[in-house]
S.K.: 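After the structure tokens below, expect a handful of questions from me.
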Amino acid sequence: MSSLVRSNGADAMDYLNRFRLDGKVALVTGGAQGLGREIALALSSVGARLVVTDIADGGGQATVEAIRAAGGEAVCAVHDVTDEPAWEAAVATAVSAFGSLDVLVNNAGVESGSLVRDCSVEQFRQIQDINVTGTFLGCKHAIRAMSPGGSAGRGGAIVNMSSAAALVGVIAHGAYGASKGAVRSLTKAAAVECGRLGAGVRVNSLHPGLILTAMGEQLLDGLITLGLAPDRAAAEAALLALHPLGRFGEPVDVASAVIYLASDAAGWVTGAELSIDGGVVAA
Ligand SMILES: NC(=O)c1ccc[n+]([C@@H]2O[C@H](COP(=O)([O-])OP(=O)(O)OC[C@H]3O[C@@H](n4cnc5c(N)ncnc54)[C@H](O)[C@@H]3O)[C@@H](O)[C@H]2O)c1
């Protein structure tokens with residue numbers, strides 16, 4: 001832990017430094033666009049070297065190019081989070097490219113956009129597979145790698161992307177809410193396990209409100225398609241009304257929270273659920 005010297009000669013904690021990730025290696029899933037892209041850029045901006053993965057865009061090639069253009073170091077990998085051998089390969093890529101794995105952000109996810117009464121079992125299962133099984137596999141392989149004796153072996157932090165929809169009911173998001181509720185519970189169990197077994201790994205979940213990424217736009221469109229709002233303006237107004245701060249979120253709102261949870265600033269935070277939602281859950 002580094003410290004500064006105050007003008008009166010007393011030691012003071014270098015708090016800014018506690019948020020930096022110099023020398024750390026971070027893996028972000030679903031990093032080709034939206035929140036994952038911004039999270040990868042954010043972690044790079046505070047010093048981490050990045051493995052960006054995605055099922056699309058060559059595994060997040062455009063994000064890697066943006067990181068390199070800003071002076072950071074990153075590689076990408078095509079990676080379906082439901083595929084266990086692909087997880088083993090992604091973790092191995094982090095270790096072979098940069099010598100470690102210190103931070104995992106389980107960000108990849110999909111939404112449902114259908115009413116419970118209309119959701120097919122195939123659609124329900126697909127959402128659980130990507131959002132829940134994908135997050136479980138990430139936790140499993142990151143914990144193995146980060147724990148003492150693992151391929152990285154120096155502890156770390158896992159941030160699981162849940163949602164406000166895990167904590168409150170959202171119409172047309174039954175399958176999605178169920179999946180994000182499972183991510184919340186998995187996070188707490190993994191956090192307790194890692195703490196009790198001395199893995200040196202912290203595990204926390206993030207619960208964003210609405211951000212107008214491709215997924216956020218899909219949610220708005222879904223309200224219109226399902227006849228729950230007559231047009232775009234009405235859909236936006238209805239969803240905005242759920243957010244007491246009076247605006248939708250921006251990817252930087254979520255990325256800033258990831259920096260905190262990934263860093264030493266959150267060194268005593270594990271099993272927590274952090275709402276980044278403009279007040280949705282508080283209302
Ligand atoms: N946008 C929001 O309002 C919001 C709110 C709360 C939580 N979230 C969560 O944040 C995360 C990111 O959302 P976003 O808004 O950036 O969505 P997005 O649709 O813009 O991006 C999701 C990314 O995940 C990738 N992906 C999908 N399936 C995958 C798979 N099987 N393997 C690997 N990658 C896969 C996609 O290719 C895409 O790049 C998701 O977990 C989402 O549920 C989003």
Side-chain angles (χ1 to χ4, degrees), residues 27-42 51-64 66 76-87 89-90 104-113 123 125-138 158-168 170 172-173 175-184 186-187 205-223 235-236 239-240 242-243 247-255 257-258 273-278 280-281:
L27 193 163
V28 179
T29 67
Q33 63 178 44
L35 300 185
R37 175 185 163 92
E38 189 61 38
I39 289 164
L41 286 162
V51 179
V52 179
T53 78
D54 204 293
I55 201 168
D57 181 37
Q61 184 61 40
T63 303
V64 163
C76 59
V78 177
H79 174 203
D80 176 349
V81 294
T82 66
D83 178 354
E84 186 156 24
W87 266 110
L104 168 66
V105 185
N106 278 311
N107 166 77
V110 292
E111 69 127 358
S112 49
Q123 189 184 14
R125 283 190 178 133
Q126 188 203 17
I127 287 160
Q128 310 317 308
D129 202 28
I130 297 171
N131 295 359
V132 185
T133 309
T135 302
F136 154 70
L137 288 173
I158 299 173
V159 180
N160 290 332
M161 196 62 74
S162 181
S163 170
L167 306 171
V168 296
V170 179
H173 279 70
Y176 180 80
S179 74
K180 294 300 188 178
V183 168
R184 171 182 177 269
L186 171 69
T187 299
S205 60
L206 274 183
H207 299 257
L210 185 60
I211 298 122
L212 295 182
T213 59
M215 183 183 289
E217 294 289 347
Q218 198 184 327
L219 193 153
L220 279 171
D221 291 346
L223 290 186
E236 267 199 46
L239 290 170
L240 209 49
L242 302 176
H243 296 73
R247 68 166 175 90
F248 295 129
E250 298 289 339
V252 293
D253 294 317
V254 178
V258 174
E273 52 188 74
L274 182 52
S275 287
I276 308 289
D277 66 358
V280 171
V281 170

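Atoms within a ligand are numbered from 1 in the order they appear, just like the ligands themselves.
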S.K.: Taking a cutoff of less than 4.0 Å between a non-hydrogen atom of the residue and any ligand atom, is T29 in contact with ligand 1?
M.R.: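 Per 4.0 Å heavy-atom rule, T29 does not contact ligand 1.
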S.K.: For a quick test of reading the model, state the closest non-hydrogen atom pair linking G59 to V78 and the distance between them.
M.R.: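 G59 and V78 have their closest heavy atoms at N-CG2, 3.7 Å.
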S.K.: Could you tell me which atoms of ligand 1, counted from 1 in the order shown, lie closer than 4.0 angstrom to a heavy atom of S163?
M.R.: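 The atoms of ligand 1 under 4.0 Å from a heavy atom of S163 are 6 (C), 7 (C).
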S.K.: Identify, for atom 33 (C) of ligand 1, the protein heavy atom at the shortest distance, and state residue, atom and that distance.
M.R.: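 So the nearest neighbour among protein heavy atoms is H79 O, 3.1 Å.
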S.K.: Looking only at protein heavy atoms, which one is nearest to atom 4 (C) of ligand 1, and how far off is it?
M.R.: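 The protein heavy atom lying closest is G209 O, 4.1 Å.
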S.K.: Heavy atoms only: which of N106, V110, D57 lies closest to atom 27 (C) of ligand 1?
M.R.: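 It is V110 whose heavy atom sits nearest to atom 27 (C) of ligand 1.
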S.K.: Which protein heavy atom lies closest to atom 8 (N) of ligand 1, and at what distance to 0.1 Å?
M.R.: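 Here the nearest protein heavy atom works out to Y176 OH, 3.5 Å.
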S.K.: Would you check the N or O atoms of N107, main chain and side chain alike, for any that come under 3.5 Å of an N or O of ligand 1?
M.R.: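 Checking ligand 1 against N107, an N or O pair does fall under 3.5 Å apart.
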S.K.: L137 and W87: which non-hydrogen atoms are nearest, and at how many Å?
M.R.: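 Between these two residues, the closest heavy atoms are CB-CD1, 3.3 Å.
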S.K.: Out of L27, I39, L206, L35, which one pairs with V105 under the side chain to side chain contact (heavy atoms under 4.5 Å, CB included) rule?
M.R.: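 Checked L27, I39, L206, L35 against V105; only one passes side chain to side chain contact (heavy atoms under 4.5 Å, CB included): I39.
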S.K.: Does R247 pair with D253 as a salt bridge, N-O distance under 4.0 Å?
M.R.: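 Result for this pair is yes, salt bridge flagged.
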S.K.: Which protein non-hydrogen atom lies closest to atom 24 (O) of ligand 1, naming both residue and atom, and how far is it?
M.R.: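 For atom 24 (O) of ligand 1, the nearest protein heavy atom comes out as G30 CA, 3.6 Å.
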S.K.: Give me the residue, atom name and distance of the protein heavy atom closest to atom 9 (C) of ligand 1.
M.R.: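 So the nearest neighbour among protein heavy atoms is M161 CG, 3.5 Å.
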S.K.: Please identify which atoms of ligand 1 are closer than 4.0 Å to at least one heavy atom of D80.
M.R.: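 It comes down to these atoms of ligand 1: 30 (C), 31 (N), 32 (N).
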S.K.: Which of the atoms in ligand 1, numbered in the order shown and given with their element, are less than 4.0 Å from a heavy-atom of A108?
M.R.: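 Per the distance check, 24 (O), 33 (C), 34 (N), 35 (C), 41 (O).
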S.K.: Name the closest protein heavy atom to atom 36 (C) of ligand 1, giving the residue it belongs to and the distance to 0.1 Å.
M.R.: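 Among all protein heavy atoms, the one nearest atom 36 (C) of ligand 1 is D54 OD1, 3.5 Å.
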S.K.: Ignoring hydrogens and geometry, is there a side-chain-to-backbone donor-acceptor pair from T53 to H79 under 3.5 Å?
M.R.: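 No: the side chain of T53 does not pair with the backbone of H79.
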S.K.: Quick check: does any side chain N or O of D57 sit under 3.5 Å from a backbone N or O of A62, one acting as donor and the other as acceptor?
M.R.: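 At least one qualifying donor-acceptor pair exists.
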S.K.: I need the minimum non-hydrogen distance between K180 and S162, along with the two atoms involved.
M.R.: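 Minimum heavy-atom separation between K180 and S162: O-OG, 2.9 Å.
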S.K.: Would you find a donor on one side and an acceptor on the other, under 3.5 Å apart, between the side chain of N160 and the backbone of S205?
M.R.: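 No; judged by distance alone, with no hydrogens or angles, the pair does not exist.
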S.K.: Just distances here: any N/O of S162 and N/O of ligand 1 closer than 3.5 Å?
M.R.: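 No: no nitrogen or oxygen of S162 is under 3.5 Å from one in ligand 1.
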S.K.: Are any side-chain N or O atoms of Q218 and backbone N or O atoms of S112, one a donor and one an acceptor, separated by less than 3.5 Å?
M.R.: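 Such a contact is absent between Q218 side chain and S112 backbone.
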S.K.: Restricting to side-chain contact (heavy atoms from CB on, under 4.5 Å), what partner residues turn up for S275, sequence neighbours left out?
M.R.: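 Testing S275 for side-chain contact (heavy atoms from CB on, under 4.5 Å), a comparison that skips the adjacent residues, returns L167, H207, D277, V281.
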S.K.: How far is atom 14 (P) of ligand 1 from its nearest protein heavy atom, and which residue and atom name does that atom have?
M.R.: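 Here the nearest protein heavy atom works out to T213 OG1, 3.6 Å.
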S.K.: Where the side chain of T29 meets the backbone of N106, is there a donor-acceptor pair that is under 3.5 Å apart?
M.R.: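 Pair absent, no side-chain N/O of T29 close to backbone of N106.
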S.K.: Among all protein heavy atoms, pick out the one at the shortest distance from atom 22 (C) of ligand 1; state its residue, atom name and that distance to 0.1 Å.
M.R.: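 Atom 22 (C) of ligand 1 sits closest to the protein heavy atom G109 O, 3.9 Å.
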S.K.: If you measure every N or O of A56 against every N or O of ligand 1, does any of those distances drop under 3.5 Å?
M.R.: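 The answer is no, given that A56 and ligand 1 share no N or O pair closer than 3.5 Å.
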S.K.: Please check whether G31 reaches ligand 1 - meaning an N/O of the residue sits under 3.5 Å from an N/O of the ligand, judged on distance alone.
M.R.: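 No, there is no polar N/O contact under 3.5 Å.
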S.K.: Does ligand 1 have an atom under 4.0 Å from some heavy atom of Q218?
M.R.: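 Q218 does not count as a contact of ligand 1 under the 4.0 Å cut-off.
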S.K.: Nearest non-hydrogen contact with atom 17 (O) of ligand 1 belongs to which option: E111, M215, E38?
M.R.: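 Ranked by closest heavy atom to atom 17 (O) of ligand 1, first place is M215.
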S.K.: Which of the numbered atoms in ligand 1 are below 4.0 angstrom from a heavy atom of L210?
M.R.: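 Close to L210: 3 (O).
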S.K.: List in chain and number order the residues that pass salt bridge (Lys or Arg N to Asp or Glu O under 4.0 Å) with E236, two or more places apart in sequence or in another chain; answer none if no residue qualifies.
M.R.: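 Salt bridge (Lys or Arg N to Asp or Glu O under 4.0 Å) check on E236 returns R232.
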